[in-house]
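Residue numbers run from 1 in the order of the sequence given. Everything numeric here is computed off the predicted structure, so don't read it as measured data. One-based numbering, in listed order, for ligands and for the atoms of each.
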Amino acid sequence: MATPAATDAYRTRFSGQFGRTFFRRFSGLAVASVGLGTYLGEPTDAVDERYREAVVEAVENGCNVLDTAINYRHQRSERVVGEAIEAADVDRDAVFVATKGGFLPFDGERPADPGAYLRETYLDTGLVDGDDLARGVHCIAPDFIEDQFDRSRANLGVETLDCYYVHNPETQLAVRSAEVVYDQLEAAFERLEARVATGDLRAYGVATWDAFRVPGDDEQYLSLAEVVRRAARAADAVGNDASAFQAVQLPFSVVMADAFTEAAHAGSGGPTSALWFAREAGLSVFTSASIAQGALADPGTIPDAVAERLPGDTPAQRALNFARSAPGVTCALVGASSVEHVRENLAAGEFDAMGAGAFDATFE
Ligand SMILES: NC(=O)c1ccc[n+]([C@@H]2O[C@H](COP(=O)([O-])OP(=O)(O)OC[C@H]3O[C@@H](n4cnc5c(N)ncnc54)[C@H](OP(=O)(O)O)[C@@H]3O)[C@@H](O)[C@H]2O)c1
């Protein structure tokens, strides 16, 4: 497990190299505010090799936040992250490793008959009950989530996980009501709270695509306040003093800023955005798709009037500095299988993040 001592030593190793507040606090750890994601790319040996080099480059040069999910590239991303942590000249305890479960994963490649594979691997074995499935590929039932948690630990070659996300829970809204999805989340959270109690996990959260950035009447909407309330109940149920629900992952970028602009969550002073709600509730936001899956790295995609307000030498750096300057955001995740991209993205952290006034001004 990442530890405060090892992550503090890691931060010290890079002192003077990054701007102020490059390293931030998450659950007592010092974590970089530019993190490496591992979602995109073909499920091939060649892309594995690229990611292996990219992850080693990242963790050896100041990025100690790695984000993956069991279904990414059919489990290859988790396995490569594990190999790279092992290969890199860095302590595992200095690296924050987060992964997710919820989508039924293939194993290494897309099978010739995906439906038959899912049926034989998950339904026929009793691991997944067909009634718990959404869209034929998604399940957040507690037994399944706990099974996936352990498979992820094995894939990553780590004893403990630093953060575990229930992946895109809004997928379940296709087949059941929000109330039932909150019940499902609470049941899954109880298992995760129990794994925190046994020391297998530091913290957990939910990773979403639509749930927290859409308006309250959208069919993909989930209430962050209700999710937090369910986590508190889960902690109570297993006898934990405080809930370990500490992280939210959501897409946020110059071209997808609704998590800041859409006041869809019940804050103490009335409706507020997901980012402000998170900040008020003491949750850490990890932004996904921070450079719009590569689009914001292209010159001209960020409008000039915005770009000129953003710190950075390149479009990708300006996009990352937008994301990591937003309220409530602990870390901007950026997927990169290229060592050159890792270097460019990490160098965004040599610039100070914007203060609140400068960040707000980008919306003028
Ligand atoms: N619902 C969810 O839970 C969810 C959804 C999406 C993403 N995520 C997480 O968030 C992470 C980030 O999101 P993302 O990977 O979808 O999108 P992203 O970070 O916005 O973009 C990644 C893409 O940008 C390219 N890129 C990276 N740095 C670049 C640079 N400096 N110049 C030009 N191109 C660059 C990468 O190419 P190369 O690979 O060639 O370097 C990759 O194709 C994911 O990896 C994943 O861990 C979570």
Based purely on interatomic distance, does Tyr39 place a nitrogen or oxygen under 3.5 Å from a nitrogen or oxygen of ligand 1?
yes

Within a distance under 4.0 Å of any heavy atom of Asp67, pick out the atoms of ligand 1 and give their elements.
9 (C), 46 (C), 47 (O)

Less than 4.0 Å is my threshold; does some heavy atom of Leu36 fall inside it relative to ligand 1?
no

Asp236/Arg233 salt bridge by N-O under 4.0 Å criterion
no

Sub-4.0 Å atoms of ligand 1 with respect to non-hydrogen atoms of Ala207:
3 (O)

Quick test of your reading of the model: are Arg92 and Asp162 salt-bridged, counting only N-O distances below 4.0 Å?
yes

Please work out, at 4.0 Å between heavy atoms, whether the side chain, the backbone, both, or neither of Tyr165 comes within that distance of ligand 1.
neither

Side chain, backbone, both or neither: which part of Ala297 has a heavy atom under 4.0 Å from ligand 1?
side chain

Heavy-atom contacts with Ala336 under 4.0 Å: which atoms of ligand 1 show up? List them by number with element.
39 (O), 41 (O)

Quick test of your reading of the model: are Arg324 and Asp352 salt-bridged, counting only N-O distances below 4.0 Å?
no

Considering only heavy atoms, does Ser290 approach ligand 1 within less than 4.0 Å through its side chain, its backbone, both, or neither?
backbone

Can you find an N or O of Tyr51 that's nearer than 3.5 Å to an N or O of ligand 1?
no

Nearest 0.5 Å please: distance from the CZ atom of Arg343 over to the SG atom of Cys63.
14.0 Å

Salt bridge or not for Arg119 and Asp113, using N-O below 4.0 Å?
no

About how many Å separate CG of Leu192 and CG of Asn240, when rounded to the nearest 0.5 Å?
11.0 Å

Taking atom CZ of Arg11 and atom CD of Gln17, what is their separation to the nearest 0.5 Å?
14.5 Å

Residues Arg230, Glu226: salt bridge by 4.0 Å N-O rule:
yes

How does Leu296 reach ligand 1, by side chain, by backbone, by both or by neither, if only non-hydrogen atoms under 4.0 Å count?
neither

How far is atom 31 (N) of ligand 1 from the closest protein heavy atom, and which atom is that?
Asn345 OD1, 2.9 Å

Among all protein heavy atoms in this structure, tell me which lies nearest to atom 16 (O) of ligand 1, with the distance rounded to 0.1 Å.
Gln293 NE2, 2.8 Å

Do Glu78 and Thr99 have side-chain atoms, one donor and one acceptor, less than 3.5 Å apart?
yes

Nearest protein heavy atom with distance in Å, relative to atom 10 (O) of ligand 1:
Ser288 CB, 3.2 Å

At a non-hydrogen distance cut-off of under 4.0 Å, which region of Ala54 contacts ligand 1 (side chain, backbone, both, or neither)?
neither

Numbered atoms of ligand 1 (with element) below 4.0 Å of Arg50, judged on heavy atoms:
40 (O)

Parallel, tilted or perpendicular: ring planes of Tyr39 versus Tyr72, cut at 30 and 60 degrees
tilted

Could you tell me, atom by atom, which parts of ligand 1 come under 4.0 Å of a heavy atom of Thr208?
1 (N)

Work out whether the distance between some heavy atom of Glu340 and some atom of ligand 1 is less than 4.0 Å.
no

Taking atom 9 (C) of ligand 1 as the reference point, the nearest protein heavy atom with its distance:
Gln249 OE1, 3.3 Å

Give the residue and atom name of whichever protein heavy atom lies nearest to atom 13 (O) of ligand 1, and the separation in Å to one decimal.
Ala289 N, 2.9 Å

Ligand-residue contact atoms, ligand 1 with Ala292, heavy atoms, under 4.0 Å:
20 (O)

With the threshold set at under 4.0 angstrom, would you say Gln317 reaches ligand 1 through any of its heavy atoms?
no

Contact region, Leu40 to ligand 1, non-hydrogen atoms below 4.0 Å, reads side chain

Report the relative orientation of the aromatic rings in His167 and Phe103; use parallel for angles under 30°, tilted for 30 to 60°, perpendicular for over 60°.
perpendicular

The answer for which part of Glu344 has a heavy atom under 4.0 Å from ligand 1 is side chain

For atom 4 (C) of ligand 1, what is the nearest protein heavy atom, given as residue, atom name and distance?
Tyr72 OH, 3.7 Å

Under 3.5 Å, side chain of Arg153 to main-chain N/O of Glu159, donor-acceptor pair present?
yes

Keeping His265 on the side-chain end and Phe212 on the backbone end, is there a donor-acceptor pair under 3.5 Å?
yes

The protein heavy atom nearest to atom 25 (C) of ligand 1 is Gly335 O, 3.9 Å

Rounded to the nearest 0.5 Å, what's the gap from CH2 on Trp209 to CE on Met256? Could you check?
4.5 Å

Just to be sure I read this right, does ligand 1 sit under 4.0 Å from the backbone of Ala316, its side chain, both, or neither, counting only heavy atoms?
side chain

Can you tell whether the side chains of Arg73 and Asp48 come within less than 4.0 Å, N to carboxylate O?
yes

Specify the protein heavy atom at minimum distance from atom 34 (N) of ligand 1: its residue, its atom name, and the distance to 0.1 Å.
His341 CE1, 3.4 Å

With a cut-off of 4.0 Å, which atoms of ligand 1 are near a heavy atom of Trp209?
5 (C), 6 (C)

Is any side-chain N of the basic residue among Arg309 and Asp360 closer than 4.0 Å to the acidic one's carboxylate O?
no

Any donor-acceptor pair under 3.5 Å linking the side-chain atoms of Thr38 with those of Thr68?
yes

Among Asp210, Val206, Asn168, Ile291, which one has a heavy atom closest to atom 2 (C) of ligand 1?
Asn168

